[in-house]
Amino acid sequence: MGSRSELFKVKTLAEVAETLKPYVQSFYERSEEVSLTESFGRILAKDIKVTAPVPHYRKSTVDGLAVRASDTFGASESMPALIQCLGEVYMGIAPVESLKPGEGMLIPTGGMLPEGADAVVMVEHLEDFGQGLYGVGKPIAPAENLIDIGEDLSEGEVIISRFTKIRPQEMGLLASQGVIFVPVLPRFKVGIMSTGDEIISPEVNPAPAESRDINGYTLLGQALEAGAEAKYYGIVKDDAEELRQMLQKMIKENDVVILSGGSSVGVRDFSAQLIEELGKPGLLFHGLALRPGKPAIGGVVDGKLIFGLPGHPASAMVVFDCVVRPWLDVSVLRNQSYPEPEGTLTQNIYSGSGREEFVRVRLLPDGKDWRIEPIRGKSGLIRTMVLADGIVHIDLDTEGIEAGKRVKVRILR
Ligand SMILES: Nc1nc2c(c(=O)[nH]1)N[C@H]1C(S)=C(S)[C@@H](COP(=O)(O)OP(=O)(O)OC[C@H]3O[C@@H](n4cnc5c(N)ncnc54)[C@H](O)[C@@H]3O)O[C@H]1N2
Ligand code: MOO
């Protein structure tokens, strides 16, 4: 790495992602198996193909009479189609009967249609003439009131792709395929440390000029929310040797190392230098075209990602959200964004050109719409994050957005 001014050549978010990607491919080639009951929130390591059609038999969706639809064509109230009932279908038992023209079988919701049947007339639309003879007062279309073989899931299709985060519905689908051991990415091990001579543990009463550690906990929460196995390593003073030792330990024990504070150009801001010294390729960016978050740093040492986030609490959280989280929830590779609600901006937002701006906002209900209210306050104020429901992203080349314009909000989870 070159001179200090070169180090501070800021990168865009897209450039950061491209810079780091080649070094961490192996993260995403790992796989472990967890039981289906433990799979919630995990990230699939392989595509899931349908191997068993669902359902694998024609299934009634109503209580009624399984019929051949063509037998009811032309039926009317005054001239009902007459169907002779062969008996009853039982739940969980495949009927052995085969319907010939003019024949039907009583069937419960979920029962298997007998051979020859292609529709089910609801019980309330049947007229019981006694001795198993039923009248159907209007025609029924083929495939009405049933779920056909493979209608839900058909064999061979890829129904959930690799890197999908498993939600309750994916758990259900895996169950339907008999997948009781699920291939998932191992949870990312994330180590978090706070730095600064002025930072003290929350149980301590701060003396003047001291501050309780906030970032250690916001970042821990964010890492857990992103599905990581996260560990808080505590506070390290602004001492190069202490920092080096802690960083080495954390690099050894984790996939991703996060520190906050000490990212700017102050005399005691060692972290960038340390990342550069600890191994190859070392420091890969120092400074982002981002607000808040400009002084963020990052690099790779021994195949582990290291991020140095700004000390200001809101900045640290915003940088985690847009720089760190995508590696943990794999959205960086999935190219898939989360749905973003839209609403009307209540105040102008200004943005210095040449930087991506992340504005903390509140969502206020407005009938069926949302009003999007920017939260004023410096990036050193944790309250701005507590008040925030989400973040409005302003592109690099946009100067700002006027009140009254429609904007999208990335929800803070
Ligand atoms: N001359 C310049 N000064 C600063 C610049 C700049 O470009 N030129 N950038 C400013 C910006 S923007 C930020 S953000 C900060 C980032 O500074 P550091 O990352 O080096 O962080 P510190 O100096 O250690 O701390 C900043 C601030 O945050 C408080 N802090 C730090 N850690 C925690 C924690 N774990 N919990 C709660 N609060 C924390 C710290 O006490 C400071 O008040 O630099 C600006 N300066
Ligand atoms: O960008 Mo600093 O990260 O504004 O507070």
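Both ligands and their constituent atoms are indexed starting at 1 by order of listing.
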Peer 1: Looking only at heavy atoms, is any part of I199 under 4.0 Å from ligand 1, and if so is it the side chain, the backbone, or both, or is it neither?
Peer 2: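 Looking at I199 and ligand 1, just side chain atoms fall under 4.0 Å.
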Peer 1: Would you kindly check if the NZ (Lys) or CZ (Arg) of R162 is within the cone defined by 45 degrees around the ring axis of Y28 and under 6.0 Å from the six-membered ring centre?
Peer 2: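 R162 over Y28 ring: no.
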Peer 1: Taking the minimum heavy-atom distance to atom 32 (N) of ligand 1, which of I192, L290, N215 ranks first?
Peer 2: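 Ranked by closest heavy atom to atom 32 (N) of ligand 1, first place is N215.
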Peer 1: With a cut-off of 4.0 Å, which atoms of ligand 1 are near a heavy atom of G261?
Peer 2: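 With G261 as reference, the close atoms of ligand 1 come out as 19 (O), 21 (O), 24 (O).
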Peer 1: Using a 4.0 Å cut-off on heavy atoms, what residues surround ligand 2? Order them by chain and number.
Peer 2: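 Ligand 2 is contacted, at a heavy-atom distance under 4.0 Å, by P292, G293, K294, P295, P310, H312, S315, S379.
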Peer 1: Please evaluate residues S194 and D213 with respect to the criterion side-chain hydrogen bond (donor to acceptor under 3.5 Å, both in side chains), reporting the C-alpha separation (whole Å), side-chain torsions for both, the decisive distance (0.1 Å), and the verdict.
Peer 2: CA-CA 7 Å; S194 297; D213 182 12; 2.9 Å; yes
Peer 1: Show the atoms of ligand 1 that are less than 4.0 angstrom away from any heavy atom in E198.
Peer 2: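 Reading through ligand 1 atom by atom, the close ones are 40 (C), 41 (O).
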Peer 1: Carefully, step by step, assess R410 and E340 under the rule salt bridge (Lys or Arg N to Asp or Glu O under 4.0 Å).
Peer 2: CA-CA 5 Å; R410 192 161 89 219; E340 297 181 345; 5.3 Å; no
Peer 1: List the atom pairs, with distances to 0.1 Å, where a side-chain N or O of residues 216-224 and a protein N or O form a donor-acceptor pair under 3.5 Å, not counting sequence neighbours.
Peer 2:
{"unit_1": "T218", "atom_1": "OG1", "unit_2": "N215", "atom_2": "O", "d": "3.1"}
{"unit_1": "Q222", "atom_1": "NE2", "unit_2": "M317", "atom_2": "O", "d": "3.1"}

Peer 1: With no hydrogens and no angle check, is any side-chain donor or acceptor of R212 less than 3.5 Å from a backbone partner on E203?
Peer 2: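 Answer holds: no.
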Peer 1: Where the side chain of K304 meets the backbone of I251, is there a donor-acceptor pair that is under 3.5 Å apart?
Peer 2: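 Checking the backbone N and O of I251 against the side chain of K304, a donor-acceptor pair under 3.5 Å is found.
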Peer 1: For S161, does its backbone N or O pair with a side-chain atom of D47 as donor and acceptor, under 3.5 Å?
Peer 2: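 Such a contact is absent between D47 side chain and S161 backbone.
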Peer 1: Need the ligand 1 atom indices (1-based, order shown) with element for anything under 4.0 Å from a heavy-atom of P310.
Peer 2: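 This gives 14 (S), 19 (O) as the contact atoms.
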Peer 1: Please say whether the positively charged group of K21, taken as NZ for Lys or CZ for Arg, lies over the ring of Y23, i.e. under 6.0 angstrom from the six-membered ring centre and within 45 degrees of the axis.
Peer 2: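 Cation-pi check for K21 and Y23: fails.
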Peer 1: Just to be sure I'm reading this right: ignoring hydrogens, which of A209, G262, G196 gets closest to atom 22 (P) of ligand 1? Compare them by their nearest heavy atoms.
Peer 2: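 The residue whose heavy atom sits nearest atom 22 (P) of ligand 1 is G262.
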Peer 1: With nothing but distance in play, are any N or O atoms of P295 less than 3.5 Å from an N or O of ligand 1?
Peer 2: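 No; the residue has no nitrogen or oxygen that sits under 3.5 Å from a nitrogen or oxygen of the ligand.
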Peer 1: At the 4.0 Å heavy-atom cut-off, does R212 count as touching ligand 1?
Peer 2: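 It does; at least one heavy atom falls under 4.0 Å.
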Peer 1: Are the side chain of T72 and the backbone of I140 linked by a donor-acceptor contact shorter than 3.5 Å?
Peer 2: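 The answer is yes, because a donor-acceptor pair under 3.5 Å joins these two groups.
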Peer 1: Could you tell me, atom by atom, which parts of ligand 1 come under 4.0 Å of a heavy atom of S194?
Peer 2: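 Going through ligand 1 atom by atom, the ones under 4.0 Å from S194 are 35 (N).
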Peer 1: As a quick check of understanding, evaluate salt bridge (Lys or Arg N to Asp or Glu O under 4.0 Å) for D118 and R58, giving each step before the final call.
Peer 2: CA-CA 9 Å; D118 61 358; R58 276 188 163 170; 5.8 Å; no
Peer 1: With atom 21 (O) of ligand 1 as the reference point, say which of G311, S211, P202 has the nearest heavy atom.
Peer 2: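 The residue whose heavy atom sits nearest atom 21 (O) of ligand 1 is G311.
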Peer 1: Answer yes when E242 and K237 have at least one side-chain N-carboxylate O distance shorter than 4.0 Å, and no when they do not.
Peer 2: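 No salt bridge links E242 with K237.
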Peer 1: Which atoms of ligand 1 are found less than 4.0 Å from any heavy atom of D213?
Peer 2: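 Result: 34 (C), 35 (N), 36 (N).
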